[in-house]
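Take a look at the structure set out below.
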Amino acid sequence: MARGDEARTPAHDMFDRDKASQALGIELISAGGGSAVARMTVTSEMVNGHGMTHGGYLFLLADTAFALACNAAGPVTVAAGADITFLRPTAEGDDLEARAVERASSGRSGVYDVTVTRGGDVIAEFRGRSRVISPGRPA
């Protein structure tokens, strides 16, 4: 769950309802001002047949940080598209952090970059494209 030492944003409320991310042990570290940080520890259930973290779980962690960043301001915002580049493998027990930041926005569209790291090593780079679907409504 989110830490209590920062101002709550609509992203915090959205994360409170995000059962998928919570079921995987993802933690909301911070969200606000067009950025967010989320963390996850790789479990044995997240490892593929090669003994490394399945790419889908890395994508999900990055996508969660992306969603938190683009929903921090309030209007309900969803992904219009996203892609990820995997740079290094991870394994069971690794602690991963995803840092999302808004790069550009225009009207109802936005572009966000998310860097997934393990102890300072870049594991993956994710780029998400967002779309506001309900201006004026909280996330």
Side-chain angles (χ1 to χ4, degrees):
M1 298 303 268
R3 293 183 177 175
D5 58 347
E6 68 173 325
R8 280 187 71 84
T9 68
H12 291 85
D13 296 331
M14 180 195 74
F15 188 79
D16 287 346
R17 297 184 303 271
D18 186 347
K19 302 304 179 201
S21 295
Q22 290 177 32
L24 294 173
I26 294 176
E27 295 177 82
L28 187 170
I29 304 304
S30 64
S35 65
V37 179
R39 287 192 189 139
M40 177 182 81
T41 299
V42 178
T43 66
S44 61
E45 292 82 11
M46 298 175 181
V47 175
N48 66 20
H50 297 294
M52 6 179 183
T53 309
H54 189 290
Y57 290 104
L58 295 172
F59 188 97
L60 194 145
L61 173 62
D63 187 53
T64 297
F66 162 53
L68 293 166
C70 63
N71 279 280
V76 175
T77 304
V78 297
D83 59 76
I84 193 166
T85 302
F86 303 109
L87 300 168
R88 289 187 173 85
T90 62
E92 181 181 350
D94 285 348
D95 293 318
L96 307 178
E97 181 174 272
R99 291 186 168 271
V101 63
E102 181 182 75
R103 293 293 178 211
S105 65
S106 179
R108 294 175 33 208
S109 299
V111 176
Y112 293 76
D113 286 336
V114 183
T115 301
V116 179
T117 60
R118 176 193 57 217
D121 291 331
V122 176
I123 302 304
E125 290 288 348
F126 171 106
R127 173 154 280 187
R129 295 169 303 283
S130 69
R131 186 76 171 167
V132 174
I133 61 169
S134 63
R137 283 190 22 214

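In this text, all values refer to a predicted model and were calculated from it rather than measured experimentally.
Residues satisfying the side chain to side chain donor-acceptor pair (under 3.5 Å) criterion with R127, sequence neighbours excluded, are D113. Scanning for side chain to side chain contact (heavy atoms under 4.5 Å, CB included) contacts around V37 gives I29, S30, E97, R99, with sequence neighbours left out. Every residue was checked against the side chain to side chain donor-acceptor pair (under 3.5 Å) condition with S130, not counting sequence neighbours, and none meets it. In terms of the ring pair (Phe, Tyr, Trp, His ring centres under 6.0 Å) criterion, residue partners of Y112 (sequence neighbours excluded) are, by chain and number, F66. Not counting sequence neighbours, the partners of T41 by the side chain to side chain contact (heavy atoms under 4.5 Å, CB included) test are D95. Annotation: side chain to side chain contact (heavy atoms under 4.5 Å, CB included) contacts of R131 (sequence neighbours excluded): A80, R108, S109. For A65, the side chain to side chain contact (heavy atoms under 4.5 Å, CB included) partners are A38, A98, A100, V114, not counting sequence neighbours.
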**OP:** Evaluate the side-chain contact (heavy atoms from CB on, under 4.5 Å) criterion for residues V116 and F126: first the C-alpha distance (whole Å), next the side-chain angles of each, then the deciding distance (0.1 Å), finally the verdict.
**Re:** CA-CA 8 Å; V116 179; F126 171 106; 5.6 Å; no
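Side chain of E102 to backbone of C70: no donor-acceptor contact under 3.5 angstrom is found.
Within the 4.5 Å cutoff, the side chain of L61 has no heavy atoms near those of the M46 side chain.
Residue G33 comes nearest to A72 through the heavy atom pair N-CB, 4.5 Å, listed as atom of the first residue, atom of the second, then distance. Residue L68 comes nearest to A31 through the heavy atom pair O-CB, 4.3 Å, listed as atom of the first residue, atom of the second, then distance. Of all heavy-atom pairs between P89 and I123, the closest is O-CD1, 4.4 Å.
Expressed to the nearest 0.5 Å, how far CE of M40 lies from CG of L58 amounts to 6.0 Å. Atom CG of N71 sits about 13.0 Å away from atom CZ of F15, to the nearest 0.5 Å. Rounded to the nearest 0.5 angstrom, L24 CG and L60 CG are separated by 5.5 Å.
Both V42 and I84 are assigned to one and the same hydrophobic cluster, defined by single-linkage of ILVMFWY side chains at heavy-atom distances under 4.5 Å.
Applying the under-4.5 Å side-chain rule to Ile, Leu, Val, Met, Phe, Trp and Tyr, the cluster around L87 extends to V122.
The list of salt bridge (charged side-chain N to carboxylate O under 4.0 Å, His left out) pairs with a residue in residues 67-84, not counting sequence neighbours, reads D83-R129. The side chain to side chain donor-acceptor pair (under 3.5 Å) contacts involving residues 47-63 comprise T53-T90, where partners must be two or more places apart or lie in separate chains. Residues in residues 68-104 take part in no ring-ring contact (aromatic ring centres under 6.0 Å, His included) pair, two or more places apart or across chains. Applying the side chain to side chain donor-acceptor pair (under 3.5 Å) test to residues at least two apart or on different chains, the pairs with a partner in residues 114-124 are D94-R118, T115-E125.
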